[in-house]
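Before any comments, here is the structure.
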Amino acid sequence: MINFRIIGRQFSTSISKQNAIKNVTVIGGGLMGSGIAQVAAQAGQSVTLVDVSSDVLAKSQKSIGANLGRVAKKLYKDKPEDGEKFVAEALGRIKTATDPGEASKSADLIVEAIVENMDVKHKLFKQLDSAAPAHTILASNTSSLSINEIGSVVKRKDKFGGLHFFNPVPVMRLLEVVKGAETSEDTYKSMMEWGKAVGKTCITCKDTPGFVVNRLLVPYICEAMRLYERGDASARDIDIAMKLGAGYPMGPLELADYVGLDTNKFILDGWHKKFPDQPLFKPIPLLNKLVAEGKLGVKTGEGIYKYDKK
Ligand SMILES: CC(=O)CC(=O)SCCNC(=O)CCNC(=O)[C@H](O)C(C)(C)COP(=O)(O)OP(=O)(O)OC[C@H]1O[C@@H](n2cnc3c(N)ncnc32)[C@H](O)[C@@H]1OP(=O)(O)O
Ligand SMILES: NC(=O)C1=CN([C@@H]2O[C@H](COP(=O)(O)OP(=O)(O)OC[C@H]3O[C@@H](n4cnc5c(N)ncnc54)[C@H](O)[C@@H]3O)[C@@H](O)[C@H]2O)C=CC1
């Protein structure tokens with residue numbers, strides 16, 4: 001087992017002996033999917049990364065290469081040639097594809113990380129359920145939707161659950177493993193073992209809105225946006241306050257841009273629809289305006305803040 005640290009966080013690239021999952025298909029090559037593909041490949045697994053867009057896949061491969069380089073720099077500080085080998089080998093384990101059905105045929109585990117929309121996820125999971133072998137576990141990386149509701153369209157309900165990663169996936173050490181009402185004990189154990197094998201500390205959570213982290217974090221981010229919208233403090237000062245006053249690595253408004261304002265809006269709108277009386281889930285005009293203008297945060301070069309385009 002190789003252990004290493006990044007900014008004080010412990011990582012491991014071991015493959016657990018009990019982990020029977022060797023072939024992983026990740027659907028969605030955006031922010032989260034590319035990170036999930038990276039950590040699985042780093043752990044020695046064969047990965048197929050799927051997206052509807054070839055352009056997205058080309059961009060993902062580029063960012064995975066760069067992020068593997070950051071990991072290698074720390075892992076092989078004194079042996080850069082070994083670092084180059086590590087990057088090349090991990091990249092070599094990642095194939096890309098645009099057809100989810102075809103890419104499911106050899107998967108032991110499929111992790112879905114596409115847009116946060118129930119209808120789109122349902123359509124995809126129906127297709128995956130009919131294309132994947134009987135033993136394949138299907139999991140969603142949803143931030144806020146119900147695992148039971150997403151899984152309602154699959155026949156293999158015992159082999160369906162939630163695997164919720166955090167952004168940036170290669171750095172954040174937590175994985176929330178979510179048991180749906182019909183997730184079997186075997187599936188749950190396999191998901192926990194796989195999480196450990198890709199270097200994460202796993203916690204278990206029931207299928208409740210936002211699981212643990214987002215149920216606490218999303219209302220916090222939303223309250224910061226409302227504070228800013230009311231003009232109570234500037235964006236910079238709100239972020240400085242939470243970094244220096246509460247010890248957070250990023251302020252809430254920086255974090256909103258980092259997660260993606262579209263994702264924040266998908267989460268809030270979904271919860272508001274389900275729980276219309278909960279004041280914490282009420283729509284935020286500023287968020288709606290920025291998303292309508294295509295200002296989605298870091299990924300589009302502008303959100304609450306402006307960013308240099310790469
Ligand atoms: C919406 C949801 O459903 C759930 C969510 O994900 S909610 C969001 C959860 N995430 C957070 O809360 C993130 C909070 N922010 C942080 O932890 C930190 O600001 C951060 C790790 C993102 C960046 O840290 P930073 O110190 O500000 O910046 P930076 O110097 O670029 O990165 C720190 C280190 O991480 C490494 N790093 C950052 N991103 C990386 C990546 N994608 N891959 C590999 N390494 C990475 C960098 O190489 C750097 O390493 P060194 O310090 O050794 O050079
Ligand atoms: N952004 C974040 O910080 C986090 C997001 N999540 C969740 O992960 C999921 C993905 O989020 P992001 O990676 O941020 O989104 P993103 O917008 O960066 O990536 C989504 C990708 O899915 C692709 N896609 C859409 N429909 C598809 C389909 N039918 N088949 C294949 N690919 C398809 C899109 O082309 C896009 O590249 C969402 O459910 C989100 O809620 C979970 C944790 C953190």
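We count ligands from 1, going down the list as the structure has it; atoms in each ligand are counted the same way.
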task: To the nearest 0.5 angstrom, please state how far the OH atom of Tyr307 sits from the OH atom of Tyr258.
output: 10.5 Å

query: So which of Arg70, Lys74, Gln42, Glu116 gets nearest to atom 50 (O) of ligand 1, if we judge by its closest heavy atom?
result: Lys74

message: Please work out, at 4.0 Å between heavy atoms, whether the side chain, the backbone, both, or neither of Val213 comes within that distance of ligand 1.
response: neither

contact_flag Gly260 ligand 2 heavy-atom lt 4.0 Å: no

task: Check for a donor-acceptor pair, side chain of Glu176 on one end and backbone N or O of Phe165 on the other, with a separation under 3.5 Å.
output: no

field: Polar atom proximity, Met32 to ligand 2 (N or O, under 3.5 Å)
entry: yes

- prompt: Judged by modelled atom types alone, do Asp239 and Tyr228 share a side-chain donor-acceptor pair under 3.5 Å?
  reply: no

message: I want to know if ligand 2 touches Asn141 in the polar sense, i.e. an N/O pair below 3.5 angstrom.
response: yes

Shortest protein heavy-atom distance from atom 38 (C) of ligand 2, along with the residue and atom involved: Ile114 O, 3.1 Å

query: Is the closest heavy-atom distance from Lys121 to ligand 2 below 4.0 Å?
result: yes

Shared hydrophobic cluster for Tyr248 and Ile240 (ILVMFWY, side-chain gaps under 4.5 Å): no

Cationic tip of Lys179 above Tyr188 ring, under 6.0 Å, 45° of axis: yes

- request: Determine whether the side chain, the backbone, both or neither of Lys123 has a heavy atom under 4.0 Å from any heavy atom of ligand 2.
  value: neither

- request: Using modelled atom types only, decide if a donor and an acceptor are shared between the side chain of Asp207 and the backbone of Val178 within a distance under 3.5 Å.
  value: no

message: Could you report the tightest heavy-atom contact between Leu49 and Ser60, atom names first, then the distance?
response: CD2-CB, 3.9 Å

message: Grouping I, L, V, M, F, W and Y whenever their side-chain heavy atoms are under 4.5 Å apart, do Leu31 and Ile304 come out in a common cluster?
response: no

- prompt: Quick one: does Glu116 get an N or O within less than 3.5 Å of an N or O on ligand 2?
  reply: yes

- prompt: Counting from 1, what ligand 1 atoms have a heavy atom of Ser143 closer than 4.0 Å?
  reply: 1 (C), 2 (C), 3 (O)

Electrostatic pair Lys79:Glu84 at N-O distance under 4.0 angstrom: no

query: Would you find a donor on one side and an acceptor on the other, under 3.5 Å apart, between the side chain of Glu112 and the backbone of Ile114?
result: yes

message: Considering both backbone and side-chain atoms of Val259, is one of its nitrogen or oxygen atoms within less than 3.5 Å of a nitrogen or oxygen in ligand 2?
response: yes

- request: Report yes if Ser53 has an N/O atom closer than 3.5 Å to an N/O atom of ligand 2; otherwise report no.
  value: no

Geometric N/O contact Gly33 with ligand 2, under 3.5 angstrom: no

field: Nearest neighbour in protein (non-hydrogen) for atom 21 (C) of ligand 2
entry: Asp51 OD2, 3.6 Å

- request: Nearest heavy atom to atom 7 (C) of ligand 2 wins, so pick from Ser143, Ser144, Gly30, Gly35.
  value: Ser143

